[in-house]
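Every chain is numbered from 1 and lettered A, B, ... according to where its sequence line falls, protein lines coming before strand lines.
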Number of protein chains: 2
Amino acid sequence: MEDEVDRLVAAWRRERPDLDVEPLEVLSRVGRLSRHLDIARRSAFAEHALEPWEFDVLTALRRAGAPYQLSPGQLLTQTLVTSGTMTNRIDRLAGKGLVQRLPDPDDRRGVLVRLTRAGQERADAALSGLLDHERAILAELSPAQRGDLAALLRQLVAPFDNLAD
Amino acid sequence: MEDEVDRLVAAWRRERPDLDVEPLEVLSRVGRLSRHLDIARRSAFAEHALEPWEFDVLTALRRAGAPYQLSPGQLLTQTLVTSGTMTNRIDRLAGKGLVQRLPDPDDRRGVLVRLTRAGQERADAALSGLLDHERAILAELSPAQRGDLAALLRQLVAPFDNLAD
DNA sequence: TGAAAGTGTCTCGACATCAAGATACTTGGA
DNA sequence: TCCAAGTATCTTGATGTCGAGACACTTTCA
């Protein structure tokens with residue numbers, strides 16, 4: 001089946017036949033799919049009264065394992081946002097009682113962000129919902145295709161992730 | 001090579017062994033790769049003094065072919081933003097002399113947005129630069145792998161793109 | 001030990017986005 | 001012809017993000 005990127009690439013070949021636009025076949029699709037997924041995630045989380053950014057922070061803490069705490073700096077590298085943004089997020093999550101800020105006993109500049117019981121429950125519920133939703137989207141592909149796709153994407157992402165971030 | 005998503009999936013399997021987190025292998029990678037690409041695009045466009053959103057609008061017009069004009073509504077469907085956002089973007093691009101607004105001769109509610117000569121030159125230059133940059137990123141994959149990846153992504157995106165947007 | 005460089009977090013102002021609603025025009029049918 | 005519904009764009013107010021810089025503390029090394 002055709003998609004918007006097929007139309008986009010065809011248009012470029014017509015308008016700029018001098019250029020090699022093959023990279024768009026992959027990277028424009030990544031961008032557009034991500035945009036669609038953001039929109040879909042937003043509605044999936046609405047059932048749990050969570051914004052996508054709240055989910056991102058809560059689940060990063062949940063994944064860390066007991067006692068479910070990380071520094072703001074560790075949260076930055078996982079969520080790819082800036083420090084000002086993270087401060088703001090932590091403030092709001094703390095205001096809703098989903099996380100709490102604790103002083104870092106080993107470094108007096110530092111802070112630890114810890115998931116509360118309520119935060120953990122919300123994160124767990126929202127994750128199940130998200131996975132159900134995503135499974136439906138991926139039903140377009142066979143299990144083997146999903147494996148191939150994951151492996152190809154890993155090859156592209158790995159250089160970014162393993163750079164000195 | 002390992003990436004952040006491998007670590008993320010391993011963490012979930014440890015913390016929530018009851019869940020099937022396989023969907024994350026694909027969709028989390030799409031999200032993270034898109035985020036990295038946004039950051040890389042931003043620096044690629046800086047050479048041409050363009051923001052990513054400016055590039056998106058200008059190239060949509062450029063792709064339309066002579067006389068390089070589209071309605072705001074057509075621009076909406078291509079860029080996946082809301083109408084308020086598009087009004088704002090057109091205002092700013094018009095202020096910089098890269099596009100101009102013309103009344104639609106066939107529908108007095110409507111407006112046509114037309115690329116200026118300066119806008120066309122900026123769009124063309126930025127596109128070449130972007131493609132060079134993206135080719136470097138995709139050099140991780142063989143030509144055959146790039147083709148496979150494009151095809152798999154198309155299968156996932158097509159249902160979204162062909163839905164009644 | 002002391003100073004310089006490094007690190008971790010937060011503050012602040014600018015700005016792009018969204019959602020909802022307002023406005024103006026067009027279309028289809030009674 | 002006229003009205004109701006539909007469509008295209010813009011306006012407004014709230015909000016989240018970024019970037020740069022401030023501040024406090026830690027580390028390194030002479």
Nucleotide [N], atom [atom2] - distance to [atom1] of [X] in whole Å:
X     : N      : atom1 : atom2 : result
B:M86 : D:dT11 : CE    : C1'   : 16 Å
B:R42 : D:dG19 : CZ    : C1'   : 11 Å
A:E51 : D:dG16 : CD    : P     : 7 Å
A:L70 : C:dT9  : CG    : C1'   : 15 Å
B:D91 : D:dT12 : CG    : P     : 12 Å
A:D38 : C:dT17 : CG    : C1'   : 13 Å
A:N88 : C:dC12 : CG    : P     : 13 Å
B:L76 : D:dT7  : CG    : C1'   : 12 Å

Heavy atoms under 4.0 Å, any strand shown: does B:G73 hit a base, just sugar-phosphate, or nothing? sugar-phosphate
Are B:L115 and B:Q69 close enough, and set up right, to give a side-chain contact (heavy atoms from CB on, under 4.5 Å), and what steps lead you there? CA-CA 6 Å; B:L115 207 53; B:Q69 60 186 22; over 6 Å; no
Of A:I90 and B:V81, whose closest DNA chain C nucleotide lies nearer the 5' terminus?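 Counting from the 5' end, the first nearest nucleotide belongs to A:I90.
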Is B:V9 linked to A:L149 within one hydrophobic cluster, defined over Ile, Leu, Val, Met, Phe, Trp and Tyr using a side-chain heavy-atom separation of less than 4.5 Å? no
Given A:K96, A:R122, A:H48, the one that forms side chain to side chain contact (heavy atoms under 4.5 Å, CB included) with A:E54: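 The single option meeting the side chain to side chain contact (heavy atoms under 4.5 Å, CB included) with A:E54 is A:K96.
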Taking the side chain of B:S83 as its heavy atoms from C-beta onward, which of C:dA20, C:dT11, D:dG16 lies nearest to it? C:dA20
Minimum-distance nucleotide to B:T87 side chain [options: D:dT17, D:dC10, D:dG19]: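 Shortest atom-to-atom distance from the side chain points to D:dC10.
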Verify the neighbour count for atom CZ of A:R117: are there more than 12 heavy atoms of other residues, nucleotides or ligands below 6.0 Å? no
If the condition is side chain to side chain donor-acceptor pair (under 3.5 Å), which residues does B:S83 pass it with, not counting sequence neighbours?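 Expected list: none.
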In terms of side-chain geometry, is the basic nitrogen of A:D6 or A:R29 positioned less than 4.0 Å from the acidic oxygen of its partner? yes
Can you sort out which residues in residues 97-116 of chain B have a heavy atom within less than 4.0 Å of DNA chain C? Ascending by number, please.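 Listed by number, they are B:D107, B:R108, B:R109.
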Output yes when at least one side-chain N/O atom of A:R89 is less than 4.0 Å from OP1 or OP2 of D:dT17, else no.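 Yes.
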N/O (side chain, B:T82) to phosphate O (OP1/OP2, C:dT17) under 4.0 Å: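 Answer no for this pair, as no side-chain N or O of B:T82 is under 4.0 Å from OP1 or OP2.
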Axial cation check for A:W12 ring with B:R62, 6.0 Å and 45° limits: no
